[in-house]
Amino acid sequence: REQFERAHLALNDLVTVFPESEHQFIANYMMLQCKFLLYRGPDYSGVYLDEGEQQVRDIRRQFPVESQQYADQLDKFARQFRYMQAERQWWVAQFYEGKEEYGAAKFYYQKVAKNFADTPFANRAFTRYNDLKGYPDRPESPAQWLVDLFPENDKVKPLIANEMGGDLR
């Protein structure tokens with residue numbers, strides 16, 4: 001019925017409340033599918049991706065016999081979750097680059113190149129990281145002269161002098 005959130009909650013209850021159920025494997029497998037379908041794209045939370053990757057590992061560990069029968073599907077899910085994780089990190093790097101916050105962009109590009117070398121985003125991230133090496137980490141403020149007028153770390157002085165003999169301000 002395409003009510004993936006409700007299905008995810010019901011399957012999670014089944015997995016949690018009835019750990020000895022004969023339906024544990026299929027409930028875990030279906031919950032994995034729900035996590036995949038609940039992910040809304042790189043500009044949303046990656047919680048379902050993290051949980052999905054972990055659940056693939058858990059299914060293989062908990063159900064070695066059944067996971068052999070579904071090995072191709074589990075491998076496909078693992079690759080898809082990994083690809084979407086890389087895509088999400090790439091999107092974050094692009095976001096920061098668009099804001100000219102090159103330090104953050106370089107951090108995420110480096111993260112993609114290092115952690116997701118098995119995805120198509122790795123080479124592109126490495127190239128973008130190298131392209132941004134000469135750029136400043138933070139954008140220069142357009143009104144830097146105004147920012148410089150105000151001291152940064154001066155202690156706040158009271159507006160009215162204390163009783164120990166100070167003048168009023």
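Note that the structure is predicted; figures quoted are calculated from it, not measured.
Here the shortest heavy-atom pairing between A117 and A122 reads CA-CB, 3.6 Å. Nearest heavy atom pair, residue Y39 against residue G46, reads CE1-CA, 4.4 Å. The two residues I59 and S67 have their closest heavy-atom pair at O-CB, 4.2 Å. The minimum heavy-atom distance between F4 and L38, with the atom names listed, is CB-CD2, 3.7 Å.
Between Y83 and P120, the closest side-chain pair of non-hydrogen atoms falls below 4.5 Å. Taking 4.5 Å as the limit, some side-chain heavy atom of W90 sits within range of a side-chain heavy atom of Q94. Residues F81 and L32 form a side-chain contact, since some pair of their non-hydrogen atoms from C-beta on lies under 4.5 Å apart. The closest side-chain heavy-atom distance from L37 to Y48 is not below 4.5 Å.
V47 belongs to no hydrophobic cluster, as no Ile, Leu, Val, Met, Phe, Trp or Tyr side chain comes under 4.5 Å of its own.
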Run Q80 and F77 through side chain to side chain contact (heavy atoms under 4.5 Å, CB included) and show every step you take.
CA-CA 5 Å; Q80 287 174 325; F77 273 122; 3.9 Å; yes
Test log, rule side chain to side chain contact (heavy atoms under 4.5 Å, CB included), inputs Q73 and Y29
CA-CA 10 Å; Q73 294 94 330; Y29 183 77; 3.2 Å; yes
Can F25 and Y70 be said to form a side chain to side chain contact (heavy atoms under 4.5 Å, CB included), step by step?
CA-CA 11 Å; F25 174 76; Y70 288 84; 3.4 Å; yes
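Counting non-hydrogen atoms of other residues, nucleotides and ligands closer than 6.0 Å to CZ of F126 gives a total of 12 or fewer.
At a threshold of 4.5 Å between side-chain heavy atoms, the hydrophobic network of Ile, Leu, Val, Met, Phe, Trp and Tyr places Y108 and M84 in two separate groups. Using a 4.5 Å cut-off between side-chain heavy atoms of Ile, Leu, Val, Met, Phe, Trp and Tyr, with links allowed through other members, Y96 and L132 fall into different hydrophobic clusters.
For K76, there are no salt bridge (charged side-chain N to carboxylate O under 4.0 Å, His left out) partners two or more places apart in sequence or in a different chain. Among residues two or more places apart in sequence or in another chain, the side chain to side chain donor-acceptor pair (under 3.5 Å) test is passed with R88 by none.
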If you look only at distance, which donor and acceptor atoms sit under 3.5 Å apart when one is on a side chain in residues 50-58 and the other is two or more places apart or in another chain?
{"from": "D50", "atom 1": "OD1", "to": "Q85", "atom 2": "NE2", "distance (Å)": "2.4"}
{"from": "E51", "atom 1": "OE1", "to": "K35", "atom 2": "NZ", "distance (Å)": "3.0"}
{"from": "E53", "atom 1": "OE1", "to": "Q85", "atom 2": "NE2", "distance (Å)": "3.4"}
{"from": "Q54", "atom 1": "OE1", "to": "R57", "atom 2": "NH2", "distance (Å)": "2.8"}
{"from": "Q54", "atom 1": "NE2", "to": "D58", "atom 2": "OD1", "distance (Å)": "2.9"}
{"from": "Q55", "atom 1": "NE2", "to": "N28", "atom 2": "O", "distance (Å)": "3.2"}
{"from": "Q55", "atom 1": "NE2", "to": "N28", "atom 2": "OD1", "distance (Å)": "3.2"}
{"from": "D58", "atom 1": "OD1", "to": "R61", "atom 2": "NH1", "distance (Å)": "3.0"}

Could you tabulate the donor-acceptor pairs under 3.5 Å formed by side-chain atoms of residues 9-20, not counting sequence neighbours?
{"from": "T16", "atom 1": "OG1", "to": "N12", "atom 2": "O", "distance (Å)": "2.7"}

Which atom pairs, one a donor and one an acceptor, fall under 3.5 Å between side chains of residues 99-107 and the rest of the protein, sequence neighbours left out?
{"from": "K106", "atom 1": "NZ", "to": "D137", "atom 2": "OD1", "distance (Å)": "3.1"}

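D118 CG to R82 CZ: the interatomic distance, rounded to the nearest 0.5 Å, is 4.5 Å. Here the CD atom belonging to E5 is positioned 9.0 Å from the SG atom belonging to C34, to the nearest 0.5 angstrom.
Using modelled atom types, one finds a donor on one side chain and an acceptor on the other under 3.5 Å when comparing E97 with Y109.
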